[in-house]
Structure formats: structure tokens, C-alpha cells
**Q** 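Take a look at the following structure, please.
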Amino acid sequence: MSTISDITLLIGTIATSAGTIFGIGLSIYTLTRKEAQNFRLSVKEHQALVNPAPGYSDEKKYTNLRVVNIGGRPLRISSAGYAFLNYDSGGIFADSVRNSSVVVDIDNVHDYLGDETDKPDKKISYYYATSLTGKTRKIYMTPRLIVWMRDLLSKSKVWKKPALHERRATKKK
């Protein structure tokens, strides 16, 4: 038969083990949080501005790309933009060009606004932000399977467009 001291010993052992595992997990989280380039993105399309800043209009719709610094140090963003599904072209937010090295403090955000009035009707594959050290984060707007299949097929000869000089040669014939 077990006595009260055995049950107390078992409860103490379980509590100590749980505390140790929690402490190790917290230490690992703290170490990975100190990574300098740790950020995430969120996108909201077709947004209207309530109190627009100078240079923006409350009559237009904007795409808002938000960069959230979840790292332990300030973050510098060098560029932010988007790529179309066909990979032939894309774009960069005008705020990204004007302020080429934006500093986002710890646990703060920075918003990039893109005007949608002159945006082509092409489907956007993903939005991205690149830090000054070259780390890029993407947020996909189309399913990744479609993006990956398009990328895989574009590398094959079946899907690729012929080179410009080959197209000109076939037109002359």
C-alpha cells in the first residue's frame, strides 16, 4: 500500500519534470526570438483609407502589406512588392522605393500601401518583403500547389516560350 509520502513524492517528481521541460522550452523560444531577421507578413487588399496621409486619397482603394517584426532586434526592410503568377513581371510598392531602408523596431509594424487603380488584371502569385540582409518572406495569394506546378512546368521545354531570337527567326520564314 502506498502512503501519503509516496504520493507526495510522485506529485513533486511530476511537477519538477514539467517545470524543467517548460524552462527548456522557454529558453529555446528566447534564443530563437533573438534572431535578428525574424518577421512575418499580412496582406489586405481593396482597403479604403479613413484619414489618409499626404499623398494618398480616401477615394482610392489600396493594398496593405504589413511587416511585423517578431524578432529580438530592430529590422531593416529594403524592398517590398509582388509577383504575378506568370513570373513575367511583378511590382514594387512605391513606399518601398521612396524609403529603401525602413527600420521596424521590436514588436512594431510597418505598412506598405499600393494603389490599385492602375493595377493590371493579372493574378498575383505572392507578396514579399526582403530585409537588408537578404532574407525574404512571402505570403502566397494563390495556392502553393499551383505556383509550384507553374514553376516546375516553366522549367520544361513544353511550357517555355521560345527565346526572342528564335521567335524572330520563325517570323522571317
Side-chain angles (χ1 to χ4, degrees), residues 18-155 160-161:
T20 303
I21 290 172
F22 178 75
I24 290 171
L26 187 62
S27 298
I28 290 172
Y29 172 74
T30 303
L31 287 174
T32 57
R33 182 173 163 81
K34 296 296 182 196
E35 182 181 330
Q37 304 298 321
N38 199 1
F39 62 98
R40 70 170 184 249
L41 302 175
S42 66
V43 173
K44 292 183 181 176
E45 295 181 322
H46 316 300
Q47 298 291 308
L49 300 179
V50 178
N51 293 324
Y56 297 102
S57 172
D58 56 352
E59 298 171 358
K60 295 181 181 180
K61 298 285 184 181
Y62 294 93
T63 299
N64 182 13
L65 176 66
R66 177 168 279 189
V67 178
V68 182
N69 183 1
I70 56 174
R73 298 184 189 142
L75 171 72
R76 290 181 175 261
I77 299 295
S78 62
S79 65
Y82 55 91
F84 293 120
L85 188 58
N86 62 4
Y87 293 110
D88 289 340
S89 62
I92 295 177
F93 288 102
D95 294 346
S96 175
V97 175
R98 280 185 239 137
N99 305 326
S100 62
S101 182
V102 172
V103 178
V104 183
D105 289 329
I106 301 168
D107 294 332
N108 281 342
V109 299
H110 183 75
D111 293 326
Y112 291 100
L113 295 175
D115 188 6
E116 293 183 354
T117 54
D118 297 331
K119 186 171 130 183
D121 292 335
K122 295 180 182 179
K123 190 165 180 121
I124 291 180
S125 175
Y126 59 85
Y127 289 94
Y128 69 90
T130 304
S131 69
L132 203 56
T133 59
K135 188 170 190 177
T136 301
R137 296 270 191 219
K138 298 177 184 175
I139 185 163
Y140 287 88
M141 301 308 288
T142 57
R144 287 188 187 187
L145 180 63
I146 293 173
V147 174
W148 290 335
M149 289 300 293
R150 172 72 171 112
D151 190 36
L152 179 70
L153 291 173
S154 68
K155 293 178 182 174
K160 278 188 176 178
K161 291 181 182 177

**Q** Sequence neighbours excluded, which residues qualify as ring pair (Phe, Tyr, Trp, His ring centres under 6.0 Å) partners of Tyr128?
**A**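 Ring pair (Phe, Tyr, Trp, His ring centres under 6.0 Å) check on Tyr128 returns nothing, list empty.
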**Q** Does any part of the side chain of Val103, heavy atoms only, come nearer than 4.5 Å to the side chain of Leu75, both counted from C-beta?
**A**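 In short, these two side chains do not touch, never coming nearer than 4.5 Å.
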**Q** Answer yes or no: is there a side-chain heavy-atom contact under 4.5 Å between Leu65 and Phe93?
**A**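 Sidechains of Phe93 and Leu65: in contact.
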**Q** Could you grab the distance from atom CD1 of Ile124 to atom CZ of Phe84, nearest 0.5 Å is fine?
**A**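 Answer rounded to 0.5 Å: 5.5 Å.
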**Q** Distance from Asn38 atom CG to Ile70 atom CD1, nearest 0.5 Å?
**A**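 Nearest 0.5 Å value for the CG-CD1 distance: 4.0 Å.
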**Q** Is there side-chain contact between Val102 and Val67, with at least one heavy-atom pair below 4.5 Å?
**A**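 In short, these two side chains do not touch, never coming nearer than 4.5 Å.
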**Q** Is there a side-chain contact between Pro74 and Ile106 (heavy atoms, below 4.5 Å)?
**A**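 The answer is yes; the side chains approach within 4.5 Å.
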**Q** Roughly how far, to the nearest 0.5 Å, is OG of Ser79 from CG of Leu132?
**A**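 The CG atom of Leu132 sits 9.5 Å away from the OG atom of Ser79.
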**Q** So, do Arg40 and Arg137 sit near enough that their side-chain heavy atoms are less than 4.5 Å apart?
**A**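 Of all side-chain heavy-atom pairs linking Arg137 with Arg40, none is under 4.5 Å.
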**Q** Applying side chain to side chain donor-acceptor pair (under 3.5 Å), name anything that partners Ser42, two or more places apart in sequence or on another chain.
**A**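 By the side chain to side chain donor-acceptor pair (under 3.5 Å) rule, Ser42 matches no residue at all.
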**Q** Does any pair with a residue in residues 48-67 pass salt bridge (Lys or Arg N to Asp or Glu O under 4.0 Å), and if so which ones, sequence neighbours excluded?
**A**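 Every pair satisfying salt bridge (Lys or Arg N to Asp or Glu O under 4.0 Å) with a residue in residues 48-67: Lys60-Asp115, Arg66-Asp111.
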**Q** According to side chain to side chain donor-acceptor pair (under 3.5 Å), who are the partners of Thr136, at least two apart in sequence or on a separate chain?
**A**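 With sequence neighbours excluded, Thr136 shows a side chain to side chain donor-acceptor pair (under 3.5 Å) to Thr130, given in chain and number order.
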**Q** In the structure I gave you, are the side-chain heavy atoms of Tyr127 and Thr63 within less than 4.5 Å of one another anywhere?
**A**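 SC-SC contact between Tyr127 and Thr63 confirmed.
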**Q** To check you understand the geometry: which heavy-atom pair defines the closest contact between Asp105 and Asn69, and what is its length?
**A**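 The answer is O-ND2, 3.2 Å.
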**Q** Which heavy-atom pair separates Ser78 from Ser131 by the least distance, and what is that distance?
**A**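 Looks like OG-O, 3.4 Å.
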**Q** Please list all pairs meeting ring pair (Phe, Tyr, Trp, His ring centres under 6.0 Å) that have one or both residues in residues 61-81, counting only residues at least two apart or in different chains.
**A**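 Counting only pairs at least two positions apart or across chains, the ring pair (Phe, Tyr, Trp, His ring centres under 6.0 Å) contacts touching residues 61-81 are Tyr56-Tyr62.
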**Q** Could I get the full list of ring pair (Phe, Tyr, Trp, His ring centres under 6.0 Å) partners for Tyr112, not counting sequence neighbours?
**A**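 Ring pair (Phe, Tyr, Trp, His ring centres under 6.0 Å) list for Tyr112, sorted by chain: His110.
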